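Model, not experiment: these values are computed from the prediction. Numbers for residues simply follow the sequence, beginning at 1. Atoms within each ligand, like the ligands themselves, are counted from 1 in listed order.
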Amino acid sequence: MFITNRMKQLFYDIFKEYPTDIYSAAGRVNLIGEHIDYCGGQVLPAALSLKCTVAVRKNGTNFMRIAATTIDDRVEIDLENTQNYKNLAWGNYQAGVADEMKKAGYKLIGCDILYDCTVPFGSGLSSSAAIEVVTAYTLAKLGGNKIDKVELAVISQRAENNYCGVNCGIMDQFASANGKKNYAVLLNCSNLDYVYVPLDLQNYVLVLANCNKPHNLRESKYNERRSEVEKTLEILQTKIKAENLSQVSVESVEKYKDLLGERLYRRAKHVTSECERVKKSVEALQSGNLERFGRLMYESHYSLKNDYEVTGKELDALVEGAEMQEGCIGSRMTGAGFGGCTVSIVKKNKIADFIKNVGEHYKSVIGYDASFYIADIEDGIID
Ligand code: GLA
């Protein structure tokens, strides 16, 4: 990648030296396969052109010094003592990555890093995964280590799980590291096998709508949902053989409905039906049937709303608004939910109407504005 004059100058103003390298890792949109990565399911995310970019230089110390273009805090992380930064609001992801990389045997080198993130924070587009993955990539590169993007994604996920207190699955970090321009990644989360699925949107585009209600996974019901599906699996395992919930059929969930009780039944119903929708979506995309894919997106949203209960009135208002628009063939929340973004498939010549009408609908229901972006699908890591 080319280091822009802006990044060079900003870096110099902070660190009094010029950067030597620049890398970026992507935010992601998940097209379908929501809340099933931690159940061993298959998911279908893609890397966005919204990125976390870093300019960097080795600084000859044992410290990783970090700064950001949009945050005033400057943080120094002692690479000998990476455990001490868990409570930082800014810098904890980076410290967590350094910590996990040390545990995994990577050689780390002191460096100065300036972060420039165009993935909106708290938007559900995985700004945290982009920060983690670009940090892991940078530290691996500077230390002269072997680069394995799958392993960097796993290390980044561990940082989030072990250091930052979010029990997330692997999807976001994986897409951020391994995404490919104009392809979605069909990732099997039980063994990390993956294939790229061409994303030919014909005369449609993906429109992201940010409900501007920030979400914070640590404080949301994300971890609660994870415990619920773990409990569900334990109960089902007393009756059937399954290593994870994605191996359970929709029929088995119906059969053991009473055993599970109303709430866990609905959680299981979402997971198993969503696994089916991913398979059908891949078929639809591969056969160029975008309308079918769009219908599956709506079904996914309503399953997340009614059975998994992770949408909230803001995301629901965006999907309702989208559904009313001519030229929109599919829409759903993307990511963890509880706030963040929806993704919709919109005809190119209807984009302006879509943004205006959905924006107005949202404001009339919720009382403040949503923001809209056209999603371009890009490579995950750019070196
Ligand atoms: C968040 C997590 C992912 C995944 C999604 C829901 O983005 O980080 O691992 O569980 O929520 O699909």
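For the residue pair Asp316 and Thr311, a side-chain donor N or O sits within less than 3.5 Å of a side-chain acceptor on the partner. In this structure, a donor-acceptor pair under 3.5 Å is absent between the side chains of Asn289 and Ser287.
Considering backbone and side-chain N/O of His35, one or more are found under 3.5 Å from N/O of ligand 1. Considering both main-chain and side-chain atoms, Gly169 comes within under 3.5 Å of ligand 1 through a nitrogen or oxygen pair. Backbone and side-chain nitrogen or oxygen atoms of Tyr222 are examined, and one is located within less than 3.5 angstrom of a nitrogen or oxygen of ligand 1.
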Would you sort out whether Arg332 and Glu34 count as a salt bridge (charged side-chain N to carboxylate O under 4.0 Å, His left out), showing the intermediate values? CA-CA 10 Å; Arg332 58 184 291 280; Glu34 213 67 86; 2.8 Å; yes
Kindly determine whether Glu254 and Lys257 satisfy salt bridge (charged side-chain N to carboxylate O under 4.0 Å, His left out), including the steps that lead there. CA-CA 5 Å; Glu254 290 304 322; Lys257 183 174 175 178; 5.2 Å; no
Determine, step by step, whether Ser300 and Glu274 satisfy the side chain to side chain donor-acceptor pair (under 3.5 Å) criterion, reporting the C-alpha distance in whole Å, the side-chain angles of both residues, the deciding distance to 0.1 Å, and the verdict. CA-CA 6 Å; Ser300 168; Glu274 186 76 353; 2.9 Å; yes
Show every donor-acceptor pair shorter than 3.5 Å between a side-chain atom in residues 376-383 and any protein atom, with sequence neighbours excluded, or say none if there are none.
{"unit_1": "Glu378", "atom_1": "OE2", "unit_2": "Lys181", "atom_2": "NZ", "d": "3.3"}
{"unit_1": "Asp379", "atom_1": "OD1", "unit_2": "Lys181", "atom_2": "N", "d": "2.8"}
{"unit_1": "Asp383", "atom_1": "OD2", "unit_2": "Tyr137", "atom_2": "OH", "d": "2.5"}
{"unit_1": "Asp383", "atom_1": "OD2", "unit_2": "Lys141", "atom_2": "NZ", "d": "2.8"}

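Listed by atom number, the atoms of ligand 1 under 4.0 Å from Cys168 heavy atoms are 2 (C), 8 (O), 9 (O). Near Tyr38, meaning under 4.0 Å from any of its heavy atoms, are these atoms of ligand 1: 10 (O). Near Met171, meaning under 4.0 Å from any of its heavy atoms, are these atoms of ligand 1: 4 (C), 5 (C), 12 (O). Listed by atom number, the atoms of ligand 1 under 4.0 Å from Asp37 heavy atoms are 3 (C), 4 (C), 9 (O), 10 (O).
Under a 4.0 Å heavy-atom criterion, Arg28 is in contact with ligand 1.
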